[in-house]
Amino acid sequence: MSVRVRFAPSPTGSLHVGNARTALFNWLFARKHGGGLILRIEDTDRERSRPEWEAAILEDLRWLGLHWDEGPDVGGDAGPYRQSERLEAYQAAVDRLMGEGKAYFCFCSPEALEAQRQDRLARGLPPRYDGRCRSLPAEEVRQRRGAGEASAVRFVMPRERITVHDHVKGEIRFLGSDLDDFVLLRADGSPSYNLAAALDDCRMGITLVIRGDDHLANTPRQMALARALGWEPPQFAHLPLIHGSDGAPLSKRHGAVSVAEHRAAGILPEGLVNYLALLGWSPPAGRDEVMDLPTLSGLFTLDRVSRSPAKFDPERLAWFNRQHLRRLPTGQLLAFMEPADDLTERAARLLHKEVDSLVALKRAIAEIRSEPELESLDLPATAESALLQLRGALVVQGRLESEEDAQRILAHAARDLAPDGRRVLMRAARLALIGKPDGPPVATLLWILGAERAKQRVENALKGCVAP
RNA sequence: GACCCCGUCGUCUAGCCUGGCCAAGGACGCGACCCUUUCAAGGUCGAGAUCGCGGGUUCGAAUCCCGCCGGGGUCACCA
């Protein structure tokens, strides 16, 4: 049987880095085994699901370079791929279970359930549903339903032992008797997560479910449900969660947690993917850690997935991003930059190896482009003569068509200066050209700015010298 | 509270299954130095982990066994 895995986000927000990593591992596994990746939208929560979020998630996945073989946008034989469009299937399954005595109506109101929960908690008992509606007489059930009383449908949890053969955690045993009769159908007729997920995984022919650790405790419920429906559940692999720096699950207060935020911060998809792949998975010993998607998929195996949670480290992500930024061909780099003029091209070509992100590069270019403010230049007393020499060199050595020309102009300006004098010249020049003492080498700046602009800025700075 | 998972440098991890090659290797970060007209980048070197703790098995344990502690997940008519 060929491999089929799935990524099943719920469209209640934009794509989180944790979910992005789950999607990545699924993609990697599918690619590695020549199998299919199915994208399924878990939109059974009518309150919180929004089409905009679905679109955003799809866009983020594409941006990361993770393509799927079947999904709501591309279709496929196992569709529809939105759970909101599969309601009849859930209803039919529940009817069958009902007919076989494996499910029952529950009339407990949310308030009553909450009270029951609190009560059990207070008595030191596990806060699970006690199954009180399971033994309601058939006649009473008929009457109350007939009277229009709201009811949910619950699954009769078998009291058997359930063993999960997890591909990353190993063998994990649960007792059905520790689990309660969970809800299959809500009072409004919509399916619960456990019903929808378990049924779809079986009906869509998923062979292996790769998902976050937070679903591990749901697994025995879903397996029991699949079996009650007469199907063999898929295999499972549970990925450790990603935490924030304080060990708590990653959330907004840890900074950028969504893919979109990282993209906006100038992170490249290659950088994010590389970093995420190494959060919880490690390549075979001795491998260079900087890798692209094809390399990653060639190397990926579940037995090298870590079992313990990892902390998200923005510094390490920044480093991986820089590695990919350095390797990015100038043509691709320029596609992100604007305006598309000579200055941008020269600057991008020269500076992209020094920055961590696209926004840092954009900022660096913008800083060079913007005219320094005369008042804030703060030129030292010795600056004037230095700048005069630089202006002279710019005039005498007029040609500025390469970095070498810039080098020559500088050499000319500094030709009879001692090291200290050179230092003063360079500092004054950088101040005059970009308004701050730090930044790229002066020769680089000259070449990026071009002869005209450079001359003009030096002259402006000179004006500032005579009228302090 | 019950059930389940996890616990190696500050961080990501290798090693654990198949004990000795590990007085624990790599990467990020950090420090120093080199390069250098500045800041970065880059290069070199370095500091950094009694392998959560305590027992046990063994000639020998990060690796096997038991207990404990700590963190996390689930126990929703959320997913």
Side-chain angles (χ1 to χ4, degrees), chain A residues 8-10 12 42-45 47-49 83 106 108-110 113-114 117 120-129 150-154 164 166 169-170 172-175 177-180 182-194 196-197 212-221 238 240-241 243 245 247-249 275 278-290 303-304 306-313 315-320 322 326 351 353-356 364 410 414 417 419 421-431 436-443:
Chain A
S10 63
T12 54
E42 308 221 322
D43 56 351
T44 55
D45 184 339
E47 312 268 284
R48 299 194 301 147
S49 298
Q83 293 187 326
C106 171
C108 299
S109 68
L113 254 15
E114 181 56 24
R117 230 176 68 86
R120 288 181 59 98
L121 232 28
R123 299 193 348 246
L125 291 168
R128 50 178 185 247
Y129 177 65
S151 62
V153 176
R154 286 181 183 273
V164 182
D166 192 277
K169 305 268 182 188
I172 305 157
R173 277 177 274 269
F174 294 89
L175 252 26
S177 50
D178 287 331
L179 276 18
D180 62 1
F182 61 90
V183 168
L184 294 173
L185 242 33
R186 299 189 268 254
D188 66 1
S190 64
S192 71
Y193 161 72
N194 279 310
D213 219 353
D214 49 343
H215 292 291
L216 186 53
N218 284 319
T219 305
R221 296 176 227 276
H238 287 93
L241 264 21
H243 288 180
S245 50
Y275 172 68
L278 263 27
L279 249 198
W281 173 81
S282 59
R287 271 286 174 162
D288 186 353
E289 293 192 327
V290 179
D303 62 350
R304 295 195 68 84
S306 161
R307 282 185 296 267
S308 51
K311 289 177 186 166
F312 190 86
D313 179 5
E315 303 251 36
R316 196 165 145 85
L317 167 61
W319 182 84
F320 277 101
R322 186 163 66 238
R326 302 174 62 88
L351 303 179
K353 294 197 172 175
E354 300 172 18
V355 295
D356 277 352
L410 268 188
L417 256 38
R422 291 172 62 94
R423 225 181 298 280
V424 170
L425 168 66
M426 296 305 171
R427 187 184 157 85
R430 194 175 292 105
L431 241 19
K436 54 172 202 163
D438 301 330
V442 175

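Residue numbering restarts at 1 for every chain, and letters A, B, ... go by the order of the sequence lines.
Which of B:C5, B:G1, B:C12 sits closest to the side chain of A:P127 comes down to B:G1. With B:U37, B:C78, B:C28 as the choices, the nucleotide that has an atom nearest any side-chain atom of A:P441 turns out to be B:U37. Residue A:D45 has its side chain nearest to B:A79 when only B:A79, B:C28, B:C77 are considered. Here the nucleotide nearest the side chain of A:A187, chosen from B:C77, B:C5, B:G73, is B:C77. You'll find that the side chain of A:L241 is closest to B:G73, out of B:G73, B:C77, B:A76. Taking the side chain of A:S282 as heavy atoms from C-beta on, and the options B:U13, B:C77, B:C4, the nearest nucleotide is B:U13. When each of B:A79, B:G72, B:C4 is scored by its nearest atom to the side-chain atoms of A:H215, the top-ranked nucleotide is B:A79. For A:P126, counting side-chain heavy atoms from C-beta on, the closest listed nucleotide (B:G29, B:G1, B:C12) is B:G1. Candidate nucleotides B:C5, B:A79, B:A14 were compared by shortest atom distance to the side chain of A:N218, and B:A79 ranks first. Of the candidate nucleotides B:C12, B:C78, B:A79, B:A79 has the atom lying nearest to any side-chain atom of A:T44.
Following rounding to the nearest Å, A:Y275 (OH) and B:A27 (P) show an atom-to-atom distance of 17 Å. Distance A:K436 NZ to B:U37 P: 19 Å, rounded to the nearest Å. In this structure, A:Y129 atom OH and B:A76 atom P are separated by 12 Å, rounded to whole Å. Rounded to whole angstrom, the span from the CZ atom of A:R326 across to the P atom of B:G43 amounts to 7 Å. Nucleotide B:U13 holds its P atom 14 Å from the CG atom of A:L317, rounded to whole Å. Across the protein-nucleic acid pair, A:M426 atom CE and B:A40 atom P stand 19 Å apart, rounded to whole Å. When rounded to the nearest whole Å, the span between CZ of A:F174 and P of B:C3 equals 12 Å. Between the CG atom of A:L113 and the C1' atom of B:C75 there is a distance of 13 Å, given to the nearest Å.
Other residues, nucleotides and ligands contribute only 12 or fewer heavy atoms inside 6.0 Å of the CZ atom of A:R307. Within 6.0 Å of the CZ atom in A:R120, the count of heavy atoms belonging to other residues, nucleotides or ligands exceeds 12. Residue A:R304 places its CZ atom among more than 12 non-hydrogen atoms of other residues, nucleotides or ligands, all under 6.0 Å distant.
Remark: the separation of the C1' atoms in B:U8 and B:A49 is 7 Å, to the nearest Å. Rounded to a whole angstrom, the distance from the C1' atom of B:G1 to that of B:A47 is 45 Å. Across B:C4 and B:A40, the matching C1' atoms stand 48 Å from one another, rounded to whole Å. With both ends at atom C1', the span from B:U57 to B:U63 equals 13 Å, rounded to whole Å. As rounded to the nearest Å, B:A23 and B:C65 have C1' atoms that lie 25 Å from one another. When the P atom is used for both B:U50 and B:A24, the distance is 11 Å, rounded to whole Å. Taking atom P on both nucleotides, B:G60 is separated from B:G19 by 16 Å, rounded to a whole Å. Straight-line distance between the C1' atoms of B:G31 and B:G10: roughly 14 Å, to the nearest whole Å.
Looking at A:S190 and A:D188, their side chains do bring a donor and an acceptor atom within 3.5 Å of each other.
In this structure, A:F312 and A:Y275 have perpendicular ring planes: the angle between them is above 60°, well past the 30° mark.
Side chain of A:R154 to backbone of A:L184: no donor-acceptor contact under 3.5 angstrom is found. The closest donor-acceptor contact from the side chain of A:R430 to the backbone of A:P437 lies under 3.5 Å. Of the possible donor and acceptor atoms, none in the side chain of A:R117 sits under 3.5 Å from a partner among the backbone N and O of A:P127.
Applying the 3.5 Å distance criterion, the base of B:A41 shares no donor-acceptor pair with the side chain of A:R322. You won't find any donor-acceptor pair under 3.5 Å spanning the side chain of A:R423 and the base of B:U38, going by distance alone.
Base pairing analysis places B:A61 opposite nothing; no Watson-Crick or G-U wobble pair with both distances below 3.5 Å involves it. Taking a pair to require two hydrogen-bonding distances under 3.5 Å in either a Watson-Crick or a G-U wobble arrangement, B:C22 remains unpaired. Across all strands shown, B:C28 pairs with B:G10; the Watson-Crick or G-U wobble distances both stay below 3.5 Å. Base pairing annotation: B:G1 forms a Watson-Crick or G-U wobble pair with B:C75, both donor-acceptor distances under 3.5 Å. Across all strands shown, B:G42 forms a Watson-Crick or G-U wobble pair, both distances under 3.5 Å, with B:C34. For B:C68, the paired nucleotide is B:G52, the pair qualifying as Watson-Crick or G-U wobble because both relevant distances are below 3.5 Å.
At B:U38, none of the side-chain N or O atoms of A:R422 fall inside 4.0 Å of OP1 or OP2 (strictly under the cut-off). In this structure, A:R120 does not reach the B:G1 phosphate: none of its side-chain N or O atoms is under 4.0 Å from OP1 or OP2. Listed pair A:R304 / B:C16 fails the phosphate criterion, with no side-chain N or O lying under 4.0 Å from OP1 or OP2. Of the side-chain N and O atoms in A:R123, none sit less than 4.0 angstrom from OP1 or OP2 of B:G1.
In this structure, A:T219 and A:I172 have side chains that are not in contact, with every pair of non-hydrogen atoms separated by 4.5 Å or more. For the pair A:L278 and A:P283, the minimum side-chain heavy-atom distance is below 4.5 Å.
If you check every strand for non-hydrogen atoms under 4.0 Å, A:R430 touches a base. Using a 4.0 Å heavy-atom cutoff across all strands shown, A:E315 reaches sugar-phosphate atoms only and no base atom. As judged by a 4.0 angstrom heavy-atom cut-off over every strand, A:R48 is placed among the base-contacting residues. Backbone-only contact: A:G280 has heavy atoms under 4.0 Å from sugar-phosphate atoms and none from a base.
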Can you give one letter per nucleotide of nucleotides 44-49 of chain B, 5' to 3': B if a protein heavy atom sits under 4.0 Å from the base, S if only from the sugar-phosphate, - if neither?
------
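A salt bridge links A:D213 with A:K169: at least one charged nitrogen is closer than 4.0 Å to a carboxylate oxygen.
With the nearest nucleotide of RNA chain B identified for both A:P249 and A:D178, A:D178 has the one nearer the 5' end. Residue-to-nucleotide proximity on RNA chain B shows that, of A:G439 and A:I172, the 5′-proximal contact is made by A:I172.
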